[in-house]
Amino acid sequence: MKLPAAVFLCVSLCLLPLEAVRADEPVDTVQTVIQSQITAFLNDDAKTAYSFASPTIRGKFPSESAFFDMVKKGYAPVYRPGNFAFGRSKVTGDMVVQEVLISGPDGKDWTALYQVVKQPDGSYKINGVHMVRAAPGPEI
């Protein structure tokens with residue numbers, strides 16, 4: 001007996017180990033965090049953008065305005081991206097490194113490697129961004 005494709009797919013997914021189903025969960029969450037922060041930058045919403053910063057970053061930039069100024073000056077492609085897309089990701093324990101391919105405001109291509117860490121409350125916060133003047137970026 002042949003099963004319709006939709007039934008086969010459902011049965012196949014139901015038989016996957018639970019770990020396999022959850023494997024994309026932190027990556028999806030991290031991508032949402034990054035997307036939300038970039039949207040806040042585009043809207044000049046320092047308060048919301050700062051809310052996604054980890055305690056380590058907040059320690060280095062103890063106010064929303066100091067953080068926002070740092071991003072404007074040092075991370076123009078992140079502050080004002082032309083286009084961006086998520087690339088590769090790597091999950092190691094409670095940390096996710098997410099590659100983001102960005103076209104900067106000057107039209108040049110960049111790769112931003114976001115380090116995002118899980119917090120004790122279960123949320124994910126951005127702990128740093130390493131900019132590489134190339135696309136795609138180096139191994140993560």
Side-chain angles (χ1 to χ4, degrees):
M1 175 175 110
K2 282 184 138 180
L3 293 175
V7 172
F8 177 76
L9 179 62
C10 180
V11 170
S12 297
L13 289 175
C14 292
L15 296 177
L16 284 174
L18 193 52
E19 295 81 25
V21 174
R22 290 187 188 154
D24 288 340
E25 183 178 310
V27 172
D28 292 342
T29 301
V30 162
Q31 289 178 355
T32 299
V33 167
I34 294 168
Q35 169 81 45
S36 298
Q37 188 181 57
I38 291 173
T39 299
F41 288 139
L42 289 169
N43 292 323
D44 286 319
D45 183 352
K47 182 177 182 173
T48 300
Y50 191 64
S51 74
F52 297 108
S54 73
T56 300
I57 298 300
R58 288 171 172 255
K60 292 178 182 176
F61 303 96
S63 71
E64 295 165 5
S65 61
F67 172 75
F68 214 63
D69 287 343
M70 176 273 301
V71 173
K72 282 183 191 178
K73 292 175 185 168
Y75 295 84
V78 171
Y79 176 65
R80 287 291 186 259
N83 293 307
F84 70 94
F86 294 108
R88 301 168 290 181
S89 58
K90 180 178 181 181
V91 179
T92 306
D94 285 342
M95 181 181 69
V96 178
V97 176
Q98 176 64 58
E99 179 182 69
V100 182
L101 308 171
I102 297 177
S103 174
D106 59 1
K108 294 181 180 174
D109 291 331
W110 292 85
T111 297
L113 295 173
Y114 278 77
Q115 181 188 65
V116 187
V117 292
K118 188 173 187 178
Q119 303 302 298
D121 67 359
S123 67
Y124 283 85
K125 300 290 183 179
I126 299 169
N127 200 48
V129 179
H130 176 70
M131 300 297 296
V132 178
R133 176 70 182 90
E139 288 296 319
I140 59 172

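One is the number of the first residue; the rest follow in order along the sequence. All heavy atoms count here, side chains included; hydrogens, waters and symmetry mates do not.
Taking all atoms of both residues into account, the shortest heavy-atom contact from Ala49 to Phe41 is CB-CE2, 3.5 Å. Of all heavy-atom pairs spanning Pro26 and Tyr124, the tightest one is CB-OH, 3.4 Å. Of all heavy-atom pairs spanning Pro77 and Ile102, the tightest one is O-CG2, 3.2 Å. Heavy atoms only, all atoms of each residue included: Gln98 and Val27 are closest at OE1-CG1, 3.7 Å.
Atom-to-atom distance recorded for Ser36:OG and Ile126:CD1 is 9.0 Å, nearest 0.5 angstrom. Separating the CD atom in Glu64 from the CG atom in Asp69 is a distance of 11.5 Å, to the nearest 0.5 Å. Between the OG atom of Ser51 and the CZ atom of Phe67 there is a distance of 9.0 Å, given to the nearest 0.5 Å. Interatomic distance, Asn127 CG to Lys118 NZ, rounded to the nearest 0.5 Å: 15.5 Å.
Within the 4.5 Å cutoff, side-chain heavy atoms of Pro55 are placed close to those of Gln119. When side chains are defined from C-beta on, Pro81 counts as touching Ile38, because their heavy atoms get closer than 4.5 Å. Taking the side chain as every heavy atom from C-beta outward, Met131 and Val78 approach each other to under 4.5 Å. Contact check for Ile34 versus Phe86: side-chain heavy atoms found under the 4.5 Å cut-off. In this structure the side chain of Ile57 reaches within 4.5 angstrom of the side chain of Ser54, judged on heavy atoms.
With a 6.0 Å radius and a threshold of 12 heavy atoms from other residues, nucleotides or ligands, Lys72 has its NZ atom above the threshold.
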Ring pair (Phe, Tyr, Trp, His ring centres under 6.0 Å) assessment of Phe68 paired with Tyr79: CA-CA 9 Å; Phe68 214 63; Tyr79 176 65; 5.6 Å; yes
Residue pair Tyr75, Val129: steps toward the side-chain contact (heavy atoms from CB on, under 4.5 Å) verdict: CA-CA 9 Å; Tyr75 295 84; Val129 179; 4.1 Å; yes
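A salt bridge is absent between Arg80 and Asp106: the closest approach of a Lys/Arg side-chain nitrogen to an acidic carboxylate oxygen does not fall below 4.0 angstrom. Ion pairing between a basic and an acidic side chain is recognised when a charged N comes within 4.0 Å of a carboxylate O; Glu99 and Arg88 show such pairing.
Figure legend: Arg58 and Tyr50 shown as a cation-pi pair, the cationic atom lying under 6.0 angstrom from the six-membered ring centre and within 45 degrees of its axis.
Panel note: side chain Gln115, backbone Val97; no donor-acceptor pair is recorded below 3.5 Å. Checking side-chain atoms of Lys90 against main-chain N and O of Met95 turns up no donor-acceptor pair under 3.5 Å.
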